[in-house]
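What you see below is based on every heavy atom in this structure, not just the backbone, and it leaves out hydrogens, waters and symmetry mates.
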Amino acid sequence: MAVERMSRVSLALPVEELEREQVKIISTGEFEPVKINESVSSGDSGHMEYHKKNPFEELYFELINFLKMTGYKPQFKEEDIDIREELDSETILRKIRSLNGDLKDTFDKRKELNRLLESQKKVLPYINILSNLNIDLGDITNFEMVRLIFGRVPIRHFEPLIYSSVNVPVLILEVNRDSDSVWIFAFTLPHFLNDAYKILHSAYFTEDSLPEGYSGAPSEIREKLKAHIKLTELSIQEHDVKIRKTLYSNMEFINSIYSSVLARKRIFDLTSYGGFSRGGNVYFLDGWMPESNAAELEKEIDNDTILINTPGKKLPGKLRRDIPVKLKNSNRFFKPFEVITEMYGTPSYGEIDPTPFVAVLFTLMFGFMLGDVGHGLILCLIGLFVRKSSKKFGSVITIAGLSAVFFGIMYGSVFGFEWLPALFMRPILKIQELMVIAVGFGIVVISLGLILNIINGFLQHNPEKALFGGEGIAGTVFFLTAVSAASFYLVTGKLPVSPAVPEVIMGISLTVVFFSEPLGSLAKGKGLIFPEGFFLISSVSLFNLLVEYFSNVISFVRLAAFALTHEALFSAFWIMALMVLPAPGGGLWASVIFLFGQFILVGLEGLVVFIQDLRLTYYEYFTKFFEGGGHRFKPLRFKS
């Protein structure tokens with residue numbers, strides 16, 4: 001499910017058509033090469049010859065250096081690739097080396113100027129702070145008998161710091177202040193330096209470094225520094241112009257060779273994976289492709305090329321474990337949630353991709369815990385902003401925000417206010433029902449995980465996993481029987497059948513789980529095998545399974561807890577806002593408290609709910625069926 005079917009593709013290519021056929025292979029964008037010496041026997045690999053060095057490596061390296069120094073990003077055009085056309089790599093290499101030699105001095109000088117500008121701009125704020133002092137900055141940084149400490153303390157801690165330094169050899173002088181901090185000089189004796197730091201840190205002191213290498217009055221230094229900054233910026237612009245001039249005068253040349261050089265570099269990269277026959281007439285290559293692309297390649301290659309296309313399901317067990325995984329969640333709703341799956345692991349080949357289920361469950365759980373129309377809309381805006389840097393993660397946040405909007409409508413909540421009629425319930429008024437729904441949802445999620453594990457077991461031809469294990473059919477029967485019996489008893493006070501029926505079913509199920517390992521070996525035709533320490537290990541595992549089932553179900557109570565926390569936090573901030581409202585300036589303070597509360601509800605609680613959502617997904621759901629031991633499909637392409 002949602003995992004592309006893969007094929008092992010083995011090719012034997014005549015050397016005369018090698019580069020042309022390699023272009024076809026790379027152009028598919030769906031071929032992951034495998035080192036040929038890792039896929040053939042040691043005896044066969046000894047009869048092959050291998051390319052040790054890519055002849056276009058140096059040319060490619062110089063070209064990339066030129067592009068880095070100029071900041072230019074040429075377009076790769078596959079239609080410009082003509083392997084039959086001779087590429088004078090030596091002449092091109094000499095020209096690019098010459099260009100890079102001319103550029104390097106300018107580029108290095110610009111980099112040095114940028115570092116200088118950065119250091120000057122870092123110093124300027126400190127000079128501004130000291131600018132009202134009529135002292136020589138060089139003099140105060142060269143004391144021998146006195147130690148000077150420079151830094152800032154929060155305004156509210158400045159007065160207490162003055163009082164705490166009265167009877168000790170520490171002199172505190174205010175240098176400057178802004179709306180938050182007071183900048184100070186602290187003078188002390190060398191032997192008291194450590195104690196002075198303790199006193200300063202008790203006032204939440206942050207130390208800063210005095211500008212070094214400057215002398216004269218700070219006001220004079222400030223004007224000189226501003227002038228130096230301006231000159232540095234002009235010098236940087238001058239070097240930028242030189243670099244752009246070199247780029248523009250050679251842009252046509254770079255555009256004309258970029259696609260050809262990159263293509264030949266990639267072709268030889270591909271060549272390094274394969275090997276030549278001893279006579280050098282045939283080139284052998286192995287790799288992985290999606291089945292559909294392998295079938296298309298088979299139609300396109302030359303008649304003289306031999307291609308063996310072996311579907312993944314027909315490969316022996318050892319090779320099947322090495323099959324790379326390509327997820328194929330084409331659905332626009334499911335695809336962003338691949339990022340959630342991949343943070344845990346990549347599905348193994350033949351294992352169900354949990355992404356579609358994650359998309360639905362993660363979305364529902366997030367909205368359930370943070371149901372509010374206003375806060376959900378803010379999260380949507382945040383998600384759209386994040387999409388600029390991370391499309392998938394930003395989409396997840398946007399979808400989570402939409403879920404919060406939906407549940408906000410269900411709860412009738414807008415920015416914490418009950419401005420809408422509740423279409424479902426008001427969580428704070430229906431606490432017991434909310435808890436029941438949360439636990440019931442958890443039971444459904446855990447059951448789904450168990451069912452997926454059973455399917456995975458059958459797909460992997462693992463009878464112990466599918467039939468006898470704690471997450472197999474035996475464990476699932478026990479779990480559903482226990483949940484059903486407990487539910488009936490809690491709701492009606494009695495069971496619909498004799499208590500002996502669920503007791504027998506659960507007893508048999510647990511017995512099968514206890515003996516799952518020997519039963520699994522029996523199902524594989526190996527007979528009943530009891531490994532060393534079997535009874536102790538199985539007893540501990542069975543106890544752990546029972547505790548795990550119980551704790552997994554109880555963990556879903558957090559869905560209800562966070563839905564209630566959301567309302568409780570809003571109520572707390574709203575009450576505080578109302579309390580300060582009658583006081584002088586109360587309107588301003590009430591607004592500050594209310595806005596701060598909204599920030600906490602959207603920002604901090606949104607983050608906490610996201611983390612709890614991940615926790616439920618990973619530890620209560622994924623642990624039931626998802627191994628995540630696969631590796632991603634990484635095809636070789638002309639442009640990565």
[atom1]/[X] to [atom2]/[Y] distance, rounded to the nearest 0.5 angstrom?
X	Y	atom1	atom2	result
F633	M6	CZ	CE	4.0 Å
H375	C380	NE2	SG	13.0 Å
L616	S555	CG	OG	6.5 Å
E351	T346	CD	OG1	10.0 Å
I340	T355	CD1	OG1	9.5 Å
Y126	N128	OH	CG	12.0 Å

Kindly indicate whether the side chain of [X], heavy atoms from C-beta on, has any atom under 4.5 Å from the side chain of [Y].
X	Y	answer
T398	P336	no
E471	T476	no
P354	L452	no
V175	V182	no
V608	F562	yes
N453	K624	no
Y197	E207	yes
E296	T28	no

Tell me, yes or no, whether the heavy-atom count around [X] atom [atom1], taken from other residues, nucleotides or ligands under 6.0 Å, exceeds 12.
X	atom1	answer
Y489	OH	no
R156	CZ	no
F417	CZ	yes
M579	CE	no
K111	NZ	no
R5	CZ	no

Hey, does the side chain of [X] reach the backbone of [Y] with a donor-acceptor pair shorter than 3.5 angstrom?
X	Y	answer
D372	G408	no
S165	I162	yes
D613	V609	no
N329	K335	no
N456	I352	yes
S164	L161	yes

How close do [X] and [Y] get, counting heavy atoms only, and between which atoms?
X	Y	result
E464	S516	CG-O, 3.5 Å
L225	Q120	CD2-O, 3.8 Å
G312	I323	CA-CD1, 3.8 Å
G606	L370	CA-CD2, 4.1 Å
R558	M369	O-SD, 4.1 Å
D353	P356	O-CD, 3.4 Å

Discussion item. I'd like to know if the side chain of S403 pairs up with that of T363 as donor and acceptor (distance under 3.5 Å, no hydrogens or angles considered).
Written reply: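 T363 and S403 do not have a side-chain donor-acceptor pair below 3.5 Å.
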Discussion item. Checking R387 against S395: is there a side-chain donor and acceptor pair closer than 3.5 Å?
Written reply: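 The criterion, which ignores hydrogens and geometry beyond distance, is satisfied for R387 and S395.
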Can you give the donor-acceptor pairs under 3.5 Å from side chains of residues 421-449 to other protein atoms, not counting sequence neighbours?
from, atom 1, to, atom 2, distance (Å)
R426, NH1, Y411, O, 2.9
R426, NH1, G412, O, 3.1
R426, NH2, L420, O, 2.7
S447, OG, I443, O, 2.7

Worksheet item: Using 30° and 60° as the class limits, which term best fits the ring planes of H201 and F205: parallel, tilted or perpendicular?
Response: tilted
Discussion item. Using the rule side-chain contact (heavy atoms from CB on, under 4.5 Å), only one of I505, V513, V512 pairs with V477; which is it?
Written reply: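 Looking at I505, V513, V512, the match for V477 under the side-chain contact (heavy atoms from CB on, under 4.5 Å) is I505.
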Worksheet item: Are the aromatic rings of Y344 and Y619 close, with centres under 6.0 Å apart?
Response: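 No, too far apart.
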Fill in: Y549 and L450: CA distance, side-chain angles, deciding distance, side-chain contact (heavy atoms from CB on, under 4.5 Å) verdict
CA-CA 11 Å; Y549 276 144; L450 295 173; 3.8 Å; yes
Item to complete: Using the side-chain contact (heavy atoms from CB on, under 4.5 Å) rule, take L377 and V405 through it: C-alpha gap first, then chi angles, then the decisive distance, then the call.
Response: CA-CA 7 Å; L377 290 173; V405 170; 3.9 Å; yes
Discussion item. Going by salt bridge (charged side-chain N to carboxylate O under 4.0 Å, His left out), R632 matches just one of E32, E338, E342. Which one?
Written reply: E342
Worksheet entry | Derivation and outcome, side-chain contact (heavy atoms from CB on, under 4.5 Å), residues F158 and E174 | CA-CA 9 Å; F158 179 63; E174 178 179 339; 3.7 Å; yes
Fill in: Stepwise side-chain contact (heavy atoms from CB on, under 4.5 Å) test for L559 and M365
CA-CA 7 Å; L559 292 175; M365 290 190 291; 3.8 Å; yes
Practice prompt. Can you spot which of F610, F385, F337 makes a ring pair (Phe, Tyr, Trp, His ring centres under 6.0 Å) with F393?
Written response: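 Checked F610, F385, F337 against F393; only one passes ring pair (Phe, Tyr, Trp, His ring centres under 6.0 Å): F610.
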